[in-house]
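Each residue takes its place number in the sequence, starting with 1.
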Amino acid sequence: MTTDHRILRAALRILDQGEALLDAVSSDIYTTQVSAAFNSSIGGHYRHCLDHYVSFQRALDRGIVDYDARGRDPRVESDPAFARQLTRQLRASLEPFPAEMLSRSIAVRTEVSYAEGEPPVTQSTLGRELAYIIAHAIHHYALIAVMARLNGVALDPNFGLAPSTAAYEKAIGRSRA
């Protein structure tokens, strides 16, 4: 399997994990603000992850990934059914995506500084940006896993676990199951 195919499969797997999350939590838990997690909610973190996928999808038409111009649709963080619908739409748009397109160059705009001024625009590839979106989602999934556990929700033990950590744990004979 090529690197580009691995990236696409991983991006789809993250969306699958998101759908499993939506199956595991009630609406109340999805929207509950957890004081120990900066008063954020599972829904807020999940919406943030999907916003990045949407930014990627929009870039295909616009020629620029703009992580600052996210939709931040409150329905995604307050309505698990709406979040599930968006998750499935994103998955359906990525499934037929040609892996060879991931090597295509793309401009990326994202604010990286607290100083005033225009956000920088850098060059990247679609594959690199999709890899970033995956890593970014895993980071937020780790926070979601903590919030879910604080609310008594059992998720897959690998939910929010970085693939590099899973590989390391496997190499040393440690299992989370």
Side-chain angles (χ1 to χ4, degrees), residues 1 5-58 65-97 110-111 128-177:
M1 176 184 322
H5 284 95
R6 287 188 69 193
I7 291 170
L8 276 173
R9 285 187 60 188
L12 292 167
R13 179 70 183 121
I14 291 297
L15 293 170
D16 290 344
Q17 288 177 341
E19 199 162 349
L21 165 72
L22 295 168
D23 289 340
V25 299
S26 68
S27 271
D28 286 343
I29 290 173
Y30 186 75
T31 58
T32 296
Q33 291 184 318
V34 180
S35 61
F38 305 104
N39 234 12
S40 61
S41 68
I42 290 171
H45 281 278
Y46 191 61
R47 189 257 322 139
H48 182 73
C49 294
L50 293 185
D51 279 349
H52 282 69
Y53 273 89
V54 170
S55 293
F56 179 85
Q57 188 178 42
R58 285 185 184 143
V65 180
D66 191 341
Y67 292 118
D68 297 333
R70 296 188 310 273
R72 295 176 171 91
D73 188 334
R75 295 174 296 176
V76 180
E77 61 186 90
S78 63
D79 182 353
F82 188 84
R84 180 185 318 280
Q85 179 183 0
L86 179 57
T87 301
R88 289 178 176 167
Q89 287 172 357
L90 291 166
R91 189 177 209 301
S93 74
L94 272 180
E95 283 176 334
F97 191 84
T110 188
E111 186 57 77
R128 173 62 190 102
E129 293 313 304
L130 197 52
Y132 162 72
I133 290 165
I134 293 163
H136 178 260
I138 291 168
H139 164 78
H140 282 275
Y141 280 14
L143 295 168
I144 288 169
V146 170
M147 292 190 296
R149 290 180 187 116
L150 288 171
N151 279 292
V153 176
L155 296 174
D156 182 295
N158 292 317
F159 184 88
L161 181 69
S164 59
T165 302
Y168 171 75
E169 288 181 350
K170 183 178 179 182
I172 64 168
R174 189 183 305 160
S175 172
R176 290 184 176 248

Output side-chain donor-acceptor pairs under 3.5 Å for residues 151-158, partner residues at least two apart or in another chain, one line each.
residue	atom	partner	partner atom	Å
Asn151	ND2	Met147	O	3.1
Asp156	OD1	Asn158	N	2.6

What donor-acceptor contacts under 3.5 angstrom involve side-chain atoms of residues 15-25, with partners at least two apart or in another chain?
residue	atom	partner	partner atom	Å
Asp16	OD1	Arg91	NE	2.5
Asp16	OD1	Arg91	NH2	3.2
Asp16	OD2	Arg91	NH2	3.1
Glu19	OE2	Arg88	NE	2.6
Glu19	OE2	Arg88	NH2	2.6
Asp23	OD1	Arg84	NH1	2.8
Asp23	OD1	Arg84	NH2	3.3

What distance separates Thr31 OG1 from Ile42 CD1, expressed to the nearest 0.5 Å?
9.5 Å
Look up atom CG in Leu50 and atom OG1 in Thr87, then write down how far apart they are to the nearest 0.5 Å.
4.5 Å
Report the C-alpha distance between Arg9 and Met1 in whole Å, list the side-chain angles of each, state the deciding distance to 0.1 Å, and finish with yes or no for side chain to side chain contact (heavy atoms under 4.5 Å, CB included).
CA-CA 10 Å; Arg9 285 187 60 188; Met1 176 184 322; 2.5 Å; yes
Within-4.5 Å side-chain heavy-atom neighbours: Glu95 and Leu12:
yes
Rounding to 0.5 Å, atoms SG (Cys49) and CD1 (Ile133) come to a distance of 10.5 Å
Not counting sequence neighbours, list each pair that qualifies as a ring-ring contact (aromatic ring centres under 6.0 Å, His included) and has a residue in residues 137-164.
His45-His140, His48-His140, His136-His140, Tyr141-Phe159
In this structure, CG of Asp79 is separated from CZ of Arg47 (nearest 0.5 Å) by 14.5 Å
For a quick test of reading the model, state the closest non-hydrogen atom pair linking Val34 to Leu150 and the distance between them.
CG1-CD1, 3.9 Å
Once rounded to the nearest 0.5 Å, what's the spacing between atom CG of Leu130 and atom CZ of Phe56?
4.5 Å
Can you find a pair of side-chain heavy atoms, one from Tyr67 and one from Glu129, that are under 4.5 Å apart?
yes
Test side chain to side chain contact (heavy atoms under 4.5 Å, CB included) on Asp51 and Arg72; report intermediate values, then the result.
CA-CA 7 Å; Asp51 279 349; Arg72 295 176 171 91; 3.7 Å; yes
To check you understand the geometry: which heavy-atom pair defines the closest contact between Ile134 and Ala11, and what is its length?
CD1-N, 3.6 Å
For atom CZ of Arg6, decide whether the heavy atoms of other residues, nucleotides or ligands shown that lie under 6.0 angstrom number more than 12.
no
Working to the nearest 0.5 Å, report the span between CZ of Phe38 and CG of Leu143.
8.5 Å
Any donor-acceptor pair under 3.5 Å linking the side-chain atoms of Ser93 with those of Tyr53?
no
